[in-house]
Amino acid sequence: MKVLANDGISKSGIKALEKGGFEVITTKVAQEQVANFINTHDVKVLLVRSATKVRKDIIDACPGLKIIGRGGVGMDNIDVAYAREKGLHVINTPASSSESVAELVFAHLFTGVRFLHDANRNMPLEGDTNFDGLKKAYANGIELRGKTLGIIGFGRIGQAVAKMALGLGMKVIAADKYVNEAVIRVDFYNGQFINVEIVTESLEDVIKHSDFITLHVPAQDGYVLDKEEFQLMKENVGIVNCARGGVINEVALIEALDNEKVLFAGLDVFENEPNPEIQILMHPKISLTPHIGAATLEAQDRIGTELAEQIISLLKNN
Ligand SMILES: O=C(O)[C@H](O)COP(=O)(O)O
């Protein structure tokens with residue numbers, strides 16, 4: 001049986017699938033050719049990350065397809081309900097990348113409070129006499145320790161972020177439409193751990209009382225952070241979005257950065273992906289990454305293996 005991994009899959013995933021008797025094709029097929037490729041190669045399983053869109057047209061055109069697998073968390077690039085209605089299995093790997101996304105959040109937070117993104121662009125060339133002045137500008141960093149991190153969306157990834165924040169000595173507050181409380185286990189190198197109970201608060205309270213805000217919500221209609229929300233925030237707040245483009249109004253964000261309400265933003269996702277607006281790309285107070293929250297060896301290994309296990313159990317045991 002053939003599996004098309006159109007946005008790639010880890011070696012461990014390929015190995016596990018091959019061991020289970022599957023043939024894995026990793027050729028990148030252009031979006032408009034995907035349906036044709038599936039039919040001409042008799043592909044039974046289509047695996048994607050966020051790049052390939054699996055909409056009704058592909059689902060309708062490929063009656064032989066049995067499984068659509070999302071290597072990752074967000075399934076907004078797949079017409080999930082429609083596919084299931086048509087009898088397809090739709091699977092994802094919701095727990096495999098939480099730690100990696102959480103670490104990227106901190107990469108952006110540390111970058112923002114110490115201006116690394118801007119300093120990288122402005123290091124002096126030989127003979128540059130202006131650098132001493134610049135250096136002073138970069139000497140105004142702040143520490144994360146002791147500050148309040150507001151987590152909007154307190155599911156797996158939000159809770160992984162909370163764990164790291166507590167380990168750094170930050171105070172954590174969180175808001176979530178569905179989660180009322182969570183016990184966060186913070187582990188130490190010597191095997192000891194502490195449990196910290198966090199009871200979620202209203203979105204407004206989190207927005208008002210945070211020194212830094214990080215978003216961990218799915219794609220949705222409407223902005224979670226818009227002009228009104230920026231007005232409620234503390235002065236010099238830092239914002240991180242490693243969730244989905246479109247949950248922050250980027251025009252309102254740029255305005256808040258320019259009028260010094262917001263100190264910095266760290267963005268892994270954008271309203272206009274994969275090519276962010278030029279105002280976002282060039283902004284000196286924005287640290288940018290190209291949607292790489294789950295792009296670590298470890299996360300991709302777990303994702304590949306987990307997909308393989310699910311596929312084998314769905315197709316081999318039926
Ligand atoms: O939803 C996810 O899992 C992340 O956004 C990662 O997306 P990617 O697999 O395209 O990197």
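For this chain, numbers begin at 1 and follow the sequence in order. As the structure lists them, so they are numbered: ligands from 1, and atoms in each ligand from 1. Note that the structure is predicted; figures quoted are calculated from it, not measured.
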Would you mind writing out a table of all protein N or O atoms found under 3.5 Å from any N or O atom of ligand 1, naming both atoms and giving the distance to 0.1 Å?
{"residue": "ligand 1", "atom": "1 (O)", "partner": "Arg70", "partner atom": "NH2", "Å": "3.0"}
{"residue": "ligand 1", "atom": "1 (O)", "partner": "Gly74", "partner atom": "N", "Å": "2.8"}
{"residue": "ligand 1", "atom": "1 (O)", "partner": "Arg244", "partner atom": "NH2", "Å": "2.8"}
{"residue": "ligand 1", "atom": "3 (O)", "partner": "Val73", "partner atom": "N", "Å": "2.6"}
{"residue": "ligand 1", "atom": "5 (O)", "partner": "Arg244", "partner atom": "NH1", "Å": "2.8"}
{"residue": "ligand 1", "atom": "5 (O)", "partner": "Arg244", "partner atom": "NH2", "Å": "3.4"}
{"residue": "ligand 1", "atom": "5 (O)", "partner": "His291", "partner atom": "NE2", "Å": "2.6"}
{"residue": "ligand 1", "atom": "7 (O)", "partner": "Arg70", "partner atom": "NH2", "Å": "3.2"}
{"residue": "ligand 1", "atom": "7 (O)", "partner": "His291", "partner atom": "NE2", "Å": "3.4"}
{"residue": "ligand 1", "atom": "9 (O)", "partner": "Arg49", "partner atom": "NE", "Å": "2.8"}
{"residue": "ligand 1", "atom": "9 (O)", "partner": "Arg70", "partner atom": "NH1", "Å": "3.0"}
{"residue": "ligand 1", "atom": "10 (O)", "partner": "Ser50", "partner atom": "N", "Å": "3.0"}
{"residue": "ligand 1", "atom": "10 (O)", "partner": "Ser50", "partner atom": "OG", "Å": "2.4"}
{"residue": "ligand 1", "atom": "11 (O)", "partner": "Arg49", "partner atom": "NH2", "Å": "2.9"}

Is any NZ, NE, NH1 or NH2 atom of the basic residue among Asp187 and Lys163 found under 4.0 Å from an Asp or Glu carboxylate oxygen of the other?
-> yes

Are Phe270 and Glu250 close enough that some pair of their side-chain heavy atoms sits under 4.5 Å apart?
-> yes

Is Lys56 close enough and on-axis enough to Tyr82, meaning under 6.0 Å and within 45°, for cation-pi?
-> yes

Look at the aromatic rings of Phe110 and Phe106 and report parallel, tilted or perpendicular, splitting at 30° and 60°.
-> tilted

Would you indicate whether Glu228, at its atom CD, is surrounded by more than 12 heavy atoms from other residues, nucleotides or ligands within a distance under 6.0 Å?
-> no

Within-4.5 Å side-chain heavy-atom neighbours: Asn236 and Val262 = no

